[in-house]
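What follows is a short report on a single structure.
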Amino acid sequence: MKDVKKISIVVPLYNEEDNVDELYMRIKKVVESLPLDYEIIFVDDGSTDKTAEKLEAIAAKDKKVKVVEFARNFGQTPAMMAGMDMATGDVIITMDGDLQNDPDDIPRLLEKIEEGYDVVSGWRKNRKDAAISRKLPSKIANWLIGRLTGIKIHDYGCSLKAYRSSVIKRVRLYGEMHRFIPAVVSTVTSPDKIIEIPVKHHPRKYGKSKYGISRTFKVIVDLFYVWFVKKYMQKPIHFFGGIGLTLLFVGLLSFLYLMGIKVMGHPIGGRPLLIISVMLIISGLQMLTTGIISEILMRIYFESQSKKPYVIRRVINSEEG
């Protein structure tokens, strides 16, 4: 491959002791068949089973394997970001650790990267998950994300993706934002450089899913932040100014109406309209802007001080020592 000399496979894991060995062997088989240097980065997201022990045993016999062990469970997004931070490859490929993603699809992702794309997203076209608890919320979320961000792909939730390292390392991930990466990346590269291809999807063999319909609410909250960043991050006055002018217009109309009543000799101090209008305007504006400003301040806090949204207990086989 012309542009790609080394790839990094990043796999977040949480209580996947029954899947670790088979997953490692399947990834190893695929990457060794490629004419590229490689590294496999497993991120143990505070597992409480024997996942960490099995990863340590694998790393002890294979120096191509890095293991990042979190001090506690931080979530899939911080785990994925930690692996990306450790990655040294020209291309970073992420995948789930439950054996539902198929490592055999890795060469196909790389082919699209070689064609010039910056992000290649997997599409679980024949998804092997429960229809009500997994597929239905996913379809709704994918449609909503596409509508709000303008990046319309079928399967935002598929973890099997390939990224050019030079692109993905320019964005930071928080909350549940790993599923929005194509939309976030579109803020630093052209949407034309993002493509989706069908990939295999297998039923879960061991363990149980860590995802449920309750995550939908977290996704919706993060989605509004992604929408704001993509559309208004460089011109927030268009957003806040629009709200401000609308509220000012409504407030002036209400004031003129009340002034007219006052001129006619009627008291306005005890009217519910005066109190309710002020309370609704202040409360609504505070709730909306506080949420967005808090998100921005959180990112300033982390990035200005080079802080990470996770704590690493140890790193095995890190080239940085």
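Everything quoted here is computed from the prediction, not taken from an experiment. Residue indices begin at 1 and follow the sequence shown.
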Kindly give the heavy-atom pair with the smallest separation between V65 and N317, and that separation in Å. O-ND2, 3.0 Å

For K29, look at atom NZ and say whether over 12 heavy atoms of other residues, nucleotides or ligands are found less than 6.0 Å away. no

Under 3.5 Å, is there a donor-acceptor pair between the Q76 and D96 side chains? yes

Can you find a heavy atom in the side chain of D118 that is under 4.5 Å from one in the side chain of I168? no

Flag, side chain of D49 to backbone of E17, donor-acceptor distance under 3.5 Å: yes

May I ask you to check whether over 12 heavy atoms, not counting those of K193, lie within 6.0 Å of atom NZ? no

So how far is it from D62 CG to E39 CD, rounded to the nearest 0.5 Å? 11.5 Å

Here's a test for you: under side chain to side chain contact (heavy atoms under 4.5 Å, CB included), which of L23, I316, V68 qualifies with F42? L23

Carboxylate-amine/guanidinium proximity below 4.0 Å for K112 and E115: yes

Any salt bridge between D155 and R124, counting N to O under 4.0 Å? yes

When every non-hydrogen atom of T88 is compared with those of S8, the smallest separation belongs to N-OG, 3.4 Å

d(M84 CE, T94 OG1) to nearest 0.5 Å is 5.0 Å

Please answer: with hydrophobic residues joined when any side-chain heavy atoms are less than 4.5 Å apart, are I194 and W123 in the same cluster? no

Compute whether any side-chain donor of one residue and acceptor of the other, for Y156 and K161, lie under 3.5 angstrom apart. no

For residues I93 and A162, report the shortest heavy-atom separation together with the two atoms involved. CG1-CB, 3.9 Å

Of the non-hydrogen atoms in D98 and N19, which two are nearest, and what is the gap between them? CA-ND2, 3.7 Å

Check this for me, if you would: do K64 and D37 make a salt bridge, where the nitrogen-to-carboxylate-oxygen distance has to be below 4.0 angstrom? yes

Using the ring of Y24 (Phe, Tyr or Trp, six-membered ring only), decide whether R26 places NZ or CZ under 6.0 Å from its centre and within 45 degrees of its axis. no

